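Proteins come first, then strands; the chains are lettered A, B, ... in the order of their sequence lines, and each starts at number 1. Everything numeric in this text was worked out from a predicted model, so none of it was measured.
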There are 2 protein chains.
Amino acid sequence: MRTTVKDVAKAVGLSTTTVSLVLNNKPNRIPEATRKLVLKAAKELNYRPNHIAVSMVTKKTHTIGLILPDISNLYFSELAKVIEEQCHKYGYNVLYGNTNGTLEHEFEYLNLFVDRSVDAIIMTVSSNYSEKEVNRLYEIAETNNVPIMMVDRALDDPRFMSVLLDQKLGGFLATSYLINLGHKKIACITGPKDLRISIERLEGYKSALEDAGLPFDRSLVIEGDFSVDSGSRALSYILGQNATAVFSLNDMMAIGVYRECRRYHLNIPQDLSIVGFDDIFIDEFLEPPLSTIAQPVQEIGKYAVKKMMSVLEEKKNLCTDAGNTKIFKPALKVRGSAIKFMEKKQI
Amino acid sequence: MRTTVKDVAKAVGLSTTTVSLVLNNKPNRIPEATRKLVLKAAKELNYRPNHIAVSMVTKKTHTIGLILPDISNLYFSELAKVIEEQCHKYGYNVLYGNTNGTLEHEFEYLNLFVDRSVDAIIMTVSSNYSEKEVNRLYEIAETNNVPIMMVDRALDDPRFMSVLLDQKLGGFLATSYLINLGHKKIACITGPKDLRISIERLEGYKSALEDAGLPFDRSLVIEGDFSVDSGSRALSYILGQNATAVFSLNDMMAIGVYRECRRYHLNIPQDLSIVGFDDIFIDEFLEPPLSTIAQPVQEIGKYAVKKMMSVLEEKKNLCTDAGNTKIFKPALKVRGSAIKFMEKKQI
DNA sequence: TAAGGTTGGTAAAATGTTTTACTAAACTAG
DNA sequence: CTAGTTTAGTAAAACATTTTACCAACCTTA
């Protein structure tokens, strides 16, 4: 059995109050002699505070809930890792929940976690929230007095902190790069089309086109679902539109395109240039290495928990303050999957 | 503020005892009328039990601690996902800790988690434990009365449950495959050489060689550290030994070999056949797709938590019963990275 | 020497539940 | 009508802490 404060108190013949006072070294006038005595006994008995009991009275669990769509996804597993690492540094533990991108699961974990009195929640919402759901979310935050932070994907609501990526800029960067290589017919494989990040990345695509004086051709965009398979499925359509380059809204789908190209004996980048989005680990090991838009995951994760910790310390009103959206800038990472456009067919 | 049992009790004019009794529907003689009344009030007030307080009295947190070396590693992130998923099914939440493979971190999280009264711990040890450490581990398990399960990598101690892979068989399968393709000089890139899985996989390699009447040549094995870079570094040595095939003890290092081959303009599998170990997600998207040894991660994860749940329910003596090691069989997954041996140089 | 201050503590409440042991009222049987 | 039994419920303890409010005993000081 574990040693309790009572055991320590008994061992030194003092009250639990005294023991607790020195163990938490409260600014109380406790003479050095007693202090040492208690400390020694605690160490000898290998006393470790029962965290549950502490939480019961302090109302703090030093736990944060992390809710992500899919931890087996490379981007999220890396994010999870940084977040856990950082929380650990601050003395916090993380309870983890996987939603598979469904709204029910999101709320399920939200409730589970507040029932367990987590001090804060960091989540990435994967579905689209109606106003009703946003309110439901806010109510949970409020009645439990728990700050909620959105990471990677925002809710269109100023009441929640968010740390995001400038998705539009990413789309712009990727597309401009292909344009500068001389491509005129650039296809785009999107994610689910009413998902915020799909929309924003696509906006970047459009605006790059516009900046270059190129027309936006709706028939060049095809909807995917961020999975490898949906990338594969998109290829034949793209080819049918005579596109010479593709901007894939994530790397997974780009990998799907790679796979399908192999089946058709097409070469990347000679037959088709492609740039992805996310910069997942494997990109550099593909043949050819995939050029992509890199998100600063490390920074995002670090910033998110740092910010959360400061909120937790200052105990300021948790959700409802403005200026609590931080936006990180993505960067183009050039590798080998795109090449200057050449008028092959004419040759 | 959250509603408490007290609030509910006050609302219906009954004692907290009664409320608790119906809410946990204990087999108590509580008339249907009262029962309904309480339930209705609880629903109306949106009552949800405070898990901390419940844990305080029941001594159960319905939380399990998951300690892994590196969740951004594809294999572990998938494992983590299954485990979380399964735990969730049983009504358990998971506290997650990342050790980066260091002993200090392993014990740190172990202590952190028992302080938080997790009901059980599932971990993969990544360092080598001396007897002292095994005892220390056992002591933690015992004084906290918390069952510990080793997954993927075992401790050489029957006191802990483990669910493992038959690593030796994996090594045997991979090597036999290369032998059957006609290769005689098969190199092996190992992990850190005193790590259990390195040793076991290497044993499989040796035994396949022996079965085929091939000599074991120490100069054909080179130590890596399971990282991509260490795979890359191994290549030139391997080539120097005139090996025609390589068995890489994990896929990451195989990827390193791929990368280095590209630098030297060598073709896989024409110039070098290779088979890896782990079957991580990206294997099928490499060029050529990597043949490897597949671990049944899903089954492993499912079995691990199922077993743990049964232990938790039966409350039998937790660590110390024999026959609590389950070994899963790996399988060879043939893709395109190995080919029949041809006497090129002679041609 | 008595009033006031300081020193070194402690008892008890509080946290939100579950659970044990008890009881008052109503009912039943003889 | 009374003794026993069932019904419907409750008070209080317990869980392991922290924290508040208090108190003796000793020391100053005038």
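Side-chain contact between B:Asp157 and B:Tyr138 is absent, with no heavy-atom pair separated by less than 4.5 Å. Side chains of B:Glu78 and B:Gln298 form a contact here, defined as non-hydrogen atoms less than 4.5 Å apart. You'll find the side chain of B:Arg116 reaches within 4.5 Å of the side chain of B:Leu95, heavy atoms only. Residues A:Val125 and A:Met150 form a side-chain contact, since some pair of their non-hydrogen atoms from C-beta on lies under 4.5 Å apart. Residues A:Glu85 and A:Lys302 form no side-chain contact, since every pair of their non-hydrogen atoms from C-beta on lies 4.5 Å or further apart.
Taking atom CD of B:Glu32 as the reference point, atom P of D:dA8 lies 11 Å away to the nearest angstrom. Between the NE2 atom of A:His51 and the C1' atom of D:dT18 there is a distance of 14 Å, given to the nearest Å. Taking atom CD1 on B:Ile52 and atom C1' on D:dA14, their separation rounds to 17 Å, with Å as the unit. Rounded to a whole Å, the CG atom of B:Asn145 is 16 Å from the P atom of D:dC15.
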Practice problem: Spell out protein contact along nucleotides 10-23 of chain C as letters: B when the base is contacted, S when just the sugar-phosphate is, - when no protein heavy atom is under 4.0 Å; keep the 5' to 3' order. | Solution: BBB--BBBBBB---
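No contact: A:Ser55 has no heavy atom under 4.0 Å from any strand.
Ion pairing of A:Asp115 with B:Arg2 is present here, as a side-chain N (NZ or NE/NH1/NH2) and a carboxylate O approach within less than 4.0 Å.
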